[in-house]
Amino acid sequence: MDAIEAIKTRRSVRSYSPDPVPTEIIEDIIDCARFAPTGRGEEPWEFVVVTDERTRKKITDLAQYGRFIATAAVCVAVFCRDTTYYIEDGSAATQNILLAAHAHGLGSCWVAGDKKPYASQVADLLGVPAGCKLVSLIAVGHPLESPQKDKRPLEKVLHWERF
Ligand SMILES: Cc1cc2nc3c(=O)[nH]c(=O)nc-3n(C[C@H](O)[C@H](O)[C@H](O)COP(=O)(O)O)c2cc1C
């Protein structure tokens, strides 16, 4: 799968089989995350990979719109040090993770982290040091569905020269 195809065919998956994801695949997905663009070259990100079922269940007790994290084999929690561009940097890394998972034939879904009341509780649960902010929680696993969500068409979103 090339990059253009990966970008255009990725969709959020919320139904997973419990089969484990090989460690080398998880490592490659996180390796892709660290190549994301980053404001001022700061690379403020830290990635916590959670495979333990009990911990994933505890996360879903906090993140009410991420219940499927309990059933996906992997949850990646993306944290960033509190830099000027932490949200942009963490979001760029998150998108790399979604695309890398898709390129490996896995499903994924971005679950909100930053701005959510549970952000600090997830950080405490995962032993994250003070000063690191939760940007996103990402479910990753073997998909049991292939969503085909439509997108706003190109002619509605593309504005040449002026809006
Ligand atoms: C910042 C952000 C927060 C999101 N939070 C959640 C969430 O808490 N739960 C969820 O099921 N999906 C969440 N999503 C996924 C969106 O619902 C999904 O990307 C959107 O519906 C478009 O569908 P697609 O990813 O299949 O293209 C989030 C996406 C983003 C970018």
Side-chain angles (χ1 to χ4, degrees), residues 1-18 21 25-26 29-30 32-39 44-51 53 55-126 128 132-158:
M1 183 185 303
D2 69 17
I4 302 294
E5 184 188 358
I7 290 167
K8 291 187 177 180
T9 60
R10 180 218 56 83
R11 295 291 184 278
S12 293
V13 169
R14 298 182 177 85
S15 178
Y16 299 93
S17 81
V21 177
I25 302 287
I26 299 173
I29 289 169
I30 303 303
C32 290
R34 72 185 178 88
F35 284 96
T38 169
W45 40 61
E46 305 285 345
F47 306 98
V48 181
V49 175
V50 181
T51 58
E53 191 177 353
T55 308
R56 283 188 286 107
K57 285 209 170 107
K58 283 182 188 168
I59 291 172
T60 64
D61 288 342
L62 297 168
Q64 66 272 34
Y65 295 111
R67 300 270 183 238
F68 42 85
I69 287 172
T71 60
V74 179
C75 173
V76 181
V78 179
F79 292 88
C80 280
R81 297 191 310 278
D82 191 5
T83 58
T84 303
Y85 296 111
Y86 84 91
I87 190 66
E88 292 90 342
D89 292 358
S91 296
T94 298
Q95 177 72 348
N96 274 16
I97 289 171
L98 302 182
L99 292 173
H102 182 50
H104 277 293
L106 298 168
S108 66
C109 186
W110 182 329
V111 173
D114 186 69
K115 303 178 183 67
K116 286 291 186 183
Y118 53 74
S120 60
Q121 293 168 277
V122 172
D124 289 345
L125 174 69
L126 300 179
V128 174
C132 273
K133 301 173 74 129
L134 178 70
V135 174
S136 64
L137 294 162
I138 309 166
V140 179
H142 298 279
L144 286 180
E145 61 177 9
S146 302
Q148 303 294 324
K149 185 179 172 63
D150 286 340
K151 297 291 179 178
R152 292 171 64 202
L154 183 64
E155 61 272 20
K156 297 270 191 203
V157 299
L158 171 59

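All ligand and atom numbering here is 1-based and tracks the order in the structure.
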Distance under 4.0 Å to a non-hydrogen atom of [X]: what atoms of ligand 1 satisfy this?
{"X": "K149", "result": "21 (O), 22 (C), 23 (O)"}
{"X": "Y65", "result": "7 (C), 8 (O), 9 (N), 10 (C), 11 (O)"}
{"X": "R11", "result": "26 (O), 27 (O)"}

| message | Within this structure, what is the NZ-NZ distance for the pair K133 and K115, rounded to the nearest 0.5 Å? | response | 9.0 Å
| So, does K116 sit close enough to ligand 1 that a heavy atom of it is under 4.0 Å from the ligand? | no
| Quick one: does P147 get a heavy atom under 4.0 Å from ligand 1? | no
How far is [atom] from its nearest protein heavy atom, and which residue and atom name does that atom have?
{"atom": "atom 19 (O) of ligand 1", "value": "S12 OG, 3.4 Å"}
{"atom": "atom 27 (O) of ligand 1", "value": "K151 NZ, 2.4 Å"}
{"atom": "atom 4 (C) of ligand 1", "value": "W110 O, 3.6 Å"}
{"atom": "atom 12 (N) of ligand 1", "value": "R14 NH2, 3.1 Å"}

Is there a donor-acceptor pair closer than 3.5 Å between any side-chain N or O of [X] and the backbone N or O of [Y]?
{"X": "Q148", "Y": "S146", "value": "yes"}
{"X": "E145", "Y": "R14", "value": "yes"}
{"X": "R56", "Y": "T51", "value": "yes"}

| Is the closest N or O pair between A112 and ligand 1 shorter than 3.5 Å? |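 Yes, A112 has an N/O under 3.5 Å of an N/O on ligand 1.
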| Between T71 and S15, is a side chain to side chain contact (heavy atoms under 4.5 Å, CB included) present by the stated rule, with each step listed? | CA-CA 8 Å; T71 60; S15 178; over 6 Å; no
| ligand 1 versus S91, non-hydrogen atoms closer than 4.0 Å: side chain, backbone, both, neither? | neither
| said: side chain to side chain contact (heavy atoms under 4.5 Å, CB included) for F68 and V13? Distances and angles first, verdict last. | reply: CA-CA 9 Å; F68 42 85; V13 169; over 6 Å; no
